[in-house]
Amino acid sequence: MSDLYQPKPEHKFTFGLWTVGSTGRDPFGEPIRQSKSPVELVHLLAEVGAYGVNFHDNDLVPIDATPGERDQIVRDFKQALKETGLTVPMATTNLFYDPIFKDGAFTSNDPKVRAFAMQKTMRAMDLGAEFGAKVYVFWGGREGVESDATKNPLDGLKYFREALDFFCEYSISQNYGFKFALEAKPNEPRGDLYLPTTGAMLGFITTLQHADMVGVNPEFAHEQMAGLNFMHAVAQAWDAGKLFHIDLNDQNYVRFDQDWRFGMQSIKQAFFMVKFLEDVGYDGSRHFDAHAFRTEDYEGVKDFARGCMRTYLILKEKAQQFNQDKEIQAMLAELTAEDKEMTPYFGKFSPEKAAALKAHNFDRKAISSRGLKYERLDQLTVDLLLGVR
Ligand code: GCO
Ligand code: MN
Ligand code: MN
């Protein structure tokens, strides 16, 4: 096997404890794998070659743990990290599992629930900071509604904004240096989740007091659930300087959250996603937020984790091939070539420029009769991806 596809620390491949730790429970069936401890999962991730491990507070420390138990767990986990060399680049809060969050956390109608969610998040930030995490993710699994009779979405936005402003100040006051990354999802487990897409999150961030500290954590499956083009959402986040983290996985379009192995289903979308990240020089974690099929034992879980990283690296190689392919690049150069006659019309506005452009005569028929050769360009891409080029 080519060394090119071996994960290395510089690739920054990370997994959540909840991903390789998934026991395969789903709404229709019991767990099918025995649960493993965080320490065991760190060793599993080290064995497959991951760089980092991320966690929700309660993936590591059970919600009912005593302070003494917490300290023991933290010590054991630190030891496992030391033994394996794994890092913790990101941490997050579980604000969806406990029944108290049945109507949301920061956006619950109940002030006690909202305050509890804030307390839990500050404690989880303390925990993440203790392991050196620098990115803090917010995924609001219960922040939404089944029925709009029950809540006012303007209240939800206000409460969420207040909470984030508070946490930014908290991070500053503790010197944690966190960057916050907001993760959108259109639905599931709620009927509708607030701020359902990455684009919605980007708009919302501009309303925050510390907007500079807050970016996004787009997830492949979540944009595909909404029928959207994931790479375009990521590009917009990048353009805004807000791509603080990314959740890679896979999904059949417009279904429930399938959380499949990266590249398992949507090879072409995954290819353009990897190509984008590599082309722009994104240097954050490549986090796989996915689960092994329910058919697997822990050997299968390792196959799943290795597969995510291997596919990423294969697609990275394909992206290089695309960028070096003479025919493809010549076609792109021709398609995007400057037109000297048009150059004076672009750029900054001036009244003279506007008048000149308004007076220009365009030969619409001639322009539109030109074939763009996109069929050929796309087929070359398909040939390349299928390995015959
Ligand atoms: C999901 C989400 C979660 C989050 C995780 C970290 O659909 O369940 O993607 O896996 O990413 O809670 O914030
Ligand atoms: Mn998800
Ligand atoms: Mn996710």
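Count residues from 1 along the sequence. Source: prediction; values computed, not measured. Atoms within each ligand, like the ligands themselves, are counted from 1 in listed order.
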* Below 4.0 angstrom from a heavy atom of Val137, which ligand 1 atoms are there? Numbered from 1 as shown, please. =>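 Result: 13 (O).
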Hey, which atoms in ligand 1 end up nearer than 4.0 Å to a heavy atom of His56?
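Result: 5 (C), 6 (C), 12 (O).
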Next on the checklist: For His287, run the ring pair (Phe, Tyr, Trp, His ring centres under 6.0 Å) check against Tyr51, Phe244, Trp18 and tell me which one passes.
Outcome noted: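 Of all the options given, the one that passes is Trp18.
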Which atoms of ligand 1 sit under 4.0 Å from any heavy atom of Asp289?
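Close to Asp289: 2 (C), 3 (C), 4 (C), 9 (O), 10 (O), 11 (O).
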Return yes if a side-chain donor-acceptor contact under 3.5 Å exists between Asp279 and Asn323, otherwise no.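 The answer is yes; a qualifying pair exists.
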**Message:** For the 3.5 Å polar cut-off, considering only N or O atoms, please tell me whether Glu219 and ligand 1 meet it.
**Reply:**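 N/O-N/O distance under 3.5 Å: yes.
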ask   = Just one of His222, Glu183, Glu223, Glu219 clears the side chain to side chain donor-acceptor pair (under 3.5 Å) bar with Thr198, so which one?
value =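 Only one option passes, and that is Glu223.
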Of all residues at least two apart in sequence or in a different chain, which pass the salt bridge (Lys or Arg N to Asp or Glu O under 4.0 Å) check with Arg70?
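Testing Arg70 for salt bridge (Lys or Arg N to Asp or Glu O under 4.0 Å), a comparison that skips the adjacent residues, returns Glu130.
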* To do: Quick one: report the N, O or S atom of Asp257 that is nearest to the Mn ion (ligand 2).
  =>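 Closest to the Mn ion (ligand 2) among those atoms: OD2.
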Is Trp18 close enough to touch ligand 1? Criterion: a residue heavy atom under 4.0 Å from a ligand atom.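 The answer is yes: ligand 1 sits under 4.0 Å from a heavy atom of Trp18.
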Validate the cation-pi geometry between Arg114 and Tyr159: distance from NZ or CZ to the six-membered ring centre under 6.0 Å, angle to the ring axis within 45°.
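Satisfied, under 6.0 Å and within 45°.
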**Message:** Taking the six-membered ring of Tyr298 as reference, does the cationic atom of Lys36 (NZ for Lys, CZ for Arg) lie under 6.0 Å from its centre and within 45° of its axis?
**Reply:**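 Yes, a cation-pi geometry holds between Lys36 and Tyr298.
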Measure Asp247 to ligand 1 on non-hydrogen atoms and call it side chain, backbone, both or neither using the 4.0 Å cut-off.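 It is the side chain that gets close, since no backbone atom is under 4.0 Å.
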Can a side-chain donor-acceptor contact be found between Gln265 and Asp250 if the only test is distance below 3.5 angstrom?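 Asp250 vs Gln265: no donor-acceptor pair found between side chains.
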Does a donor on one side chain and an acceptor on the other come within less than 3.5 Å for Asn249 and Asp259?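 Result is yes, a qualifying pair exists.
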Heavy-atom nearest neighbour in the protein, as seen from atom 2 (C) of ligand 1, with distance rounded to 0.1 Å:
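Scanning the protein heavy atoms, the shortest distance from atom 2 (C) of ligand 1 goes to Glu183 OE2, 3.5 Å.
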Does Lys78 make a cation-pi contact with Phe131 (under 6.0 Å, within 45 degrees of the axis)?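 Yes, Lys78 and Phe131 form such a contact.
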- Task: Please check if Phe262 and Leu277 belong to a single hydrophobic cluster, counting links between Ile, Leu, Val, Met, Phe, Trp and Tyr side chain heavy atoms closer than 4.5 Å.
- Result: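 Same cluster.
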message = I'd like to know if the side chain of Gln79 pairs up with that of Glu83 as donor and acceptor (distance under 3.5 Å, no hydrogens or angles considered).
response =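 Side chains of Gln79 and Glu83: pair found under 3.5 Å.
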task = Can you sort out which atoms of ligand 1 are near His222, meaning under 4.0 Å from one of its heavy atoms?
result =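 Listed by number with element: 1 (C), 2 (C), 7 (O), 9 (O).
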### Message
Looking only at side-chain N and O atoms, does His245 offer a donor or acceptor that is under 3.5 Å from a partner on Asn217?
### Response
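Yes - a donor-acceptor pair under 3.5 Å links their side chains.
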Does any N or O atom in Asp259 lie less than 3.5 angstrom from one in ligand 1, N or O only?
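So ligand 1 has no N or O lying under 3.5 Å from an N or O of Asp259.
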Tell me whether Lys179 is salt-bridged to Asp212, with the criterion being a basic N under 4.0 Å from an acidic carboxylate O.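 Here Lys179 does not pair with Asp212 in a salt bridge, since their nearest N and O are not under 4.0 Å apart.
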With nothing but distance in play, are any N or O atoms of Trp139 less than 3.5 Å from an N or O of ligand 1?
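So ligand 1 has no N or O lying under 3.5 Å from an N or O of Trp139.
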| request: Can you sort out which atoms of ligand 1 are near Lys185, meaning under 4.0 Å from one of its heavy atoms? | output: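 Numbered from 1, ligand 1 contributes 1 (C), 7 (O).
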Worksheet item: How many N, O or S atoms of the protein are nearer than 2.8 Å to the Mn ion (ligand 3)?
Response: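 Total protein N/O/S atoms under 2.8 Å from the Mn ion (ligand 3): 4.
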task = May I ask whether Glu188 places a heavy atom under 4.0 Å from ligand 1?
result =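 In this structure, Glu188 fails to qualify as a contact of ligand 1 - no heavy atom is under 4.0 Å.
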Below 4.0 angstrom from a heavy atom of Asp257, which ligand 1 atoms are there? Numbered from 1 as shown, please.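 Contacts of ligand 1 toward Asp257, numbered from 1: 1 (C), 7 (O).
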